[in-house]
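These notes concern the structure reproduced below.
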Amino acid sequence: MPELPEVETIVRELRRKTKGQKIRDVKIKSQKIIAPQSSQYFRKNLLDQKIVDVNRRGKLIMIGLPKERFLLIHLKLTGQLVFNQKPHKHTHVIFQIGRQTLNYNDLRKFGFLLITDKNGLGDILTKRFKFGPEPFGRDFTLAYLVRNFAVRRAPIKVLLLDQTILAGLGNIYVDESLFRAGIHPKRRASSLTNKELQNLYQSIKEVLKQAIAAGGSSSQNYVRTSGQPGKFHNLHNVYRRHGQPCLVCGSEIKRTVVAGRGTHFCPRCQV
DNA sequence: CACTTTGTTTCCAC
DNA sequence: TGTGGAAACAAAGT
């Protein structure tokens, strides 16, 4: 399940493996995955283009191409980017980069890829994807968290999932961060004390740091670009552990629904 | 079959 | 008008 740590890993590997190389060929196996451009458009614009830079914006992978064009890959849920693997049923796009191949797999086809120019990119980044600060960015401060949460009555989990407030946190890492901070996911944001906010602020960074170190969570079918699964799911304290004992206090982990998402928490550790 | 899963959009009530 | 809560949407495996 691609969330921030996985995307960061992918971006790092993309940078390392593709710098200066040209995309020689692009094989489109499924047109459904690409919106709104057609496969022909996609092919025409990608052939012989050079990957010059890769940036991360939340769960959006942006690859800069010459002539001020950009390839955007939005990874969601079952989306995978893998190097030098055999294509299979769920491989929709194959990039040939030098002697390497990069496959875009997506079992559920929730993600999308598109090519756009500078103006289009501007529109997308300002209108379609309005991202808040990066969890490890300079502008993500405790004061920022306090400022944004103090006036909001929505459940804390809803706000943490809101990419316009904080970029890159998905369901897994929100549940894990809240557990680490000892905060119940349904708590109103405005009811959090300064102490709790500080705790949450640290917890988010800690959880993400650990997740990145472990190579992400292969809870559903996420794999790294090498095709290897991540290891963070072995470190999950609550996510999809409902019915099992809390690793801290032994209470049974509960599951509920917040923001339409499966939400996992320890009723004793999280108040 | 119902249910799960994601990020985002849309709709409705207040 | 803003906000919050919930539903809808994409697709396919369990």
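Chain identifiers are assigned alphabetically (A, B, ...) following the order of the sequence lines, protein sequences preceding nucleic acid strands; residue numbering begins at 1 within each chain. Side-chain atoms are counted along with the backbone in the values below, which use heavy atoms only and exclude waters and symmetry mates.
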*When the aromatic ring centroids of A:F140 and A:Y201 are compared, is their separation below 6.0 Å?*
yes
_Donor-acceptor check, side chain of A:Q100 to backbone of A:F83, threshold 3.5 angstrom: yes or no?_
no
*Can you tell me the distance, in whole Å, between the CG atom of A:L107 and the P atom of C:dG13?*
5 Å
*Report yes if a side-chain nitrogen or oxygen of A:K89 is closer than 4.0 Å to either non-bridging phosphate oxygen (OP1 or OP2) of C:dG13; otherwise report no.*
yes
*Between C:dA11 atom P and A:H92 atom NE2, what is the distance in whole Å?*
11 Å
*Ignoring the backbone of A:Y239, work out which of C:dG5, B:dT5, B:dT8 is nearest its side chain.*
B:dT5
_Does either side chain, that of A:K86 or that of A:N103, offer a donor lying less than 3.5 Å from an acceptor on the other one?_
no
*Of the nucleotides B:dT5, C:dG5, C:dG4, which one has an atom closest to the side chain of A:R255?*
B:dT5
*asked:* Please compare A:V151 and A:G260 by the position of their nearest nucleotide in DNA chain C and report the one closer to 5'.
replied: A:V151
*Whole Å only: how far is the CG atom of A:N171 from the C1' atom of B:dG7?*
11 Å
*Between A:L161 (CG) and C:dG4 (P), how many Å, whole number?*
15 Å
*To the nearest Å, give me how far apart NZ (A:K157) and C1' (C:dA6) are.*
15 Å
*Nearest-angstrom distance from the residue atom CG of A:D175 to P of B:dG7*: 11 Å
*Report yes if a side-chain nitrogen or oxygen of A:H90 is closer than 4.0 Å to either non-bridging phosphate oxygen (OP1 or OP2) of C:dA11; otherwise report no.*
no
*A:A259 or A:H264: which one's nearest nucleotide on DNA chain B is closer to the 5' end?*
A:H264
*Could you tell me whether the side chains of A:H92 and A:D106 share a donor-acceptor contact shorter than 3.5 Å?*
no
*A:R261 side chain: which of B:dT5, B:dG7, B:dT8 is closest?*
B:dG7
*Rounded distance (Å) that lies between atom C1' of C:dG4 and atom CG of A:D162*: 12 Å
*May I have the distance from A:L160 (atom CG) to B:dT6 (atom P), rounded to whole angstrom?*
15 Å
*Using only side-chain N and O atoms of A:R188, determine if any of them is under 4.0 Å from OP1 or OP2 of C:dG4.*
no
*With side-chain contact (heavy atoms from CB on, under 4.5 Å) as the test, would you mind laying out the steps for A:N148 and A:L166 before giving the verdict?*
CA-CA 10 Å; A:N148 276 275; A:L166 184 60; over 6 Å; no
